[in-house]
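Accompanying notes for the structure given below.
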Protein chains: 2
Amino acid sequence: MTFSEENYLKTIYHLTTISESGVSTNAIAEMMETKASSVTDMLKKLAEKDLVNYKKYQGVSLTEKGKLNAKMIVRKHRLWEVFLVDKLDFSWDEVHDIAEQLEHIKSEKLINKLDDFLGNPTEDPHGDPIPDANGQIINTEKHLLSELSENQNGICVGVKDTSPEFLKYLDKQEISLGSKIEIMGKESFDLSLKIKLNGRELTISNKIASNLFVKVV
Amino acid sequence: MTFSEENYLKTIYHLTTISESGVSTNAIAEMMETKASSVTDMLKKLAEKDLVNYKKYQGVSLTEKGKLNAKMIVRKHRLWEVFLVDKLDFSWDEVHDIAEQLEHIKSEKLINKLDDFLGNPTEDPHGDPIPDANGQIINTEKHLLSELSENQNGICVGVKDTSPEFLKYLDKQEISLGSKIEIMGKESFDLSLKIKLNGRELTISNKIASNLFVKVV
DNA sequence: ATTAAATTTTAGGCAAATCTAAAAAAATTA
DNA sequence: TAATTTTTTTAGATTTGCCTAAAATTTAAT
């Protein structure tokens, strides 16, 4: 499989997990910052290889084969991210672009040895699940912090927005995966939250709270 | 720089270190298992980018810029090999093909952090020197084991032939980097050597001895 | 010094992945 | 439902990297 084919597969996979239904040509084009006509070309090629179900004008979905391939790419991407953060001491806002390259390295043995070396992690530095060697994914129940009500407690398990800007903000506030968050109060006017984090009280906007995933405890 | 350009640069670099003089189109084609006409095409492109000095029918050499680029690719290749062997527990005959892919990952920060993580090694698992971040190479004086005479001692510092077959043979004989080798005797008929290795005596052919680099002690 | 052989380059083509512009189909709206 | 808008596909070019076959150049041999 070429890099380009892998990138299309990954994009279709991500779009499917967001909306479940068939994926449109335009949605793919937009996410990949390419033209719809280029997408059509590639979809034909992927259909030829039995990686997607494609019918003209009808949108596209992954076949089982395609889904497994996509999961393996996601697996590689997220394992490399763990490597970069845990072993090479990158911060979580820096790793995406490098992992984007590393995810295309072809060697099953490599990725499985890397998995062991990292201690078989189940989540990447952003809290997203890492598929195992068979494509199995363990999903921890997660909620947006903004959905919790007063006096509920959560542990930060992931982010919705993964942009460097947001991640840097979190670093500044010392919010990271595993942080324990208590909802002290919710301002009904703007939905901002007063929370207790690492023993310290602070206020965060609804925009922040709706991009933080927590596990309710 | 594309993968293909990087591969050409690396090939020219390796051919230059072997023979010093200008590199011929055919030599490149042979090493890369491609056609001479393809090489010509690429040489024009590299010359355009000021990475090689190229005159029709006159062979090619690297510019300073080209040489530095090539060294950085070699640096990446060899650091990744160290990672694979030291951290992921690959054996030295398995790492070449994977490193061949990893060497094209683009991120200076990544490679320098990897370098630190590995403890700034100066040699790869085959004993070949690793250029530093500035392209500087520390060359240890090395000789072929076959060039030593009776009663001289050496420490294995590298291999000339890096084929999996040869490397597996060495593993079987328990010869690795750092092994101390004493020349007990040399058979004038076939130039085979009787050596002492890790306290144990064994006989090796001239073919083996002329593919093992040692540091004389 | 010619001729023959080997090397290298040019010319023309092909496949992958992209693009623009135009045509076709589907969805939306009046 | 008919017209309009949006989405999607097709048609035709372009670029990169490769190929084959033929021409040009250099090297070697007689």
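We name chains A, B, ... by the order of the sequence lines, and we start the count at 1 in each one. Computed from a predicted model, the values in this text were never measured in an experiment.
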Note: for A/M42 and B/K55 on DNA chain C, the residue whose nearest nucleotide lies more 5' is B/K55

Please name all residues satisfying ring-ring contact (aromatic ring centres under 6.0 Å, His included) with A/H126, sequence neighbours left out, ordered by chain then number.
none

For DNA chain D, the residues among residues 1-16 of chain B that have a non-hydrogen atom under 4.0 Å from it:
B/T2, B/S4, B/Y8

Please list, chain by chain and in numerical order, all residues satisfying salt bridge (Lys or Arg N to Asp or Glu O under 4.0 Å) with A/K168, sequence neighbours excluded.
A/D93

Kindly say whether the aromatic ring centers of B/F90 and B/F83 come within a distance under 6.0 Å.
no

Report yes if a side-chain nitrogen or oxygen of B/Y57 is closer than 4.0 Å to either non-bridging phosphate oxygen (OP1 or OP2) of C/dA6; otherwise report no.
no

Heavy atoms under 4.0 Å, any strand shown: does B/T25 hit a base, just sugar-phosphate, or nothing?
sugar-phosphate

Strictly below 4.0 Å: does A/K56 bring a side-chain N or O up to OP1 or OP2 of C/dA24?
no

Close side-chain approach of B/W80 to B/I111, heavy-atom, < 4.5 Å
yes

Report yes if some heavy atom in the side chain of B/W92 is under 4.5 Å from a heavy atom in the side chain of B/T162; otherwise report no.
no

Kindly say if B/N26 contacts the phosphate of C/dA6, meaning a side-chain N or O under 4.0 Å from OP1 or OP2.
no

Under 3.5 Å, sequence neighbours excluded: what are the donor-acceptor pairs made by side chains of residues 28-40 of chain A?
from, atom 1, to, atom 2, distance (Å)
A/T40, OG1, A/A36, O, 3.2

Rounding to a whole Å, what distance do you find between B/L43:CG and C/dT9:P?
7 Å

Taken to the nearest whole Å, CE/B/M32 to C1'/D/dC19 is 15 Å

Sole candidate of A/E100, A/H104, A/E5 that passes side-chain hydrogen bond (donor to acceptor under 3.5 Å, both in side chains) when paired with A/K10
A/E100

Pair up each side-chain donor or acceptor in residues 57-76 of chain A with any protein partner under 3.5 Å, not counting sequence neighbours, and list the distances.
from, atom 1, to, atom 2, distance (Å)
A/S61, OG, A/N53, OD1, 3.3
A/T63, OG1, A/D50, O, 2.9
A/T63, OG1, A/L51, O, 3.1
A/T63, OG1, A/K65, N, 3.4
A/T63, OG1, A/G66, N, 3.0
A/K65, NZ, A/K49, O, 3.0
A/N69, ND2, A/K65, O, 2.9
A/K71, NZ, A/G135, O, 3.3
A/R75, NH1, A/D115, OD2, 3.3
A/R75, NH1, A/P131, O, 3.0
A/R75, NH2, A/N112, OD1, 2.8
A/R75, NH2, A/D115, OD2, 3.2
A/K76, NZ, A/E103, O, 3.3
A/K76, NZ, A/I105, O, 3.0

Contact list (N/O, under 3.5 angstrom) for nucleotides 19-21 of chain C vs protein:
from, atom 1, to, atom 2, distance (Å)
C/dC19, OP2, A/T34, OG1, 2.6
C/dC19, OP2, A/K35, N, 3.2
C/dC19, OP2, A/S38, OG, 2.6
C/dT20, O4, A/S37, OG, 3.0

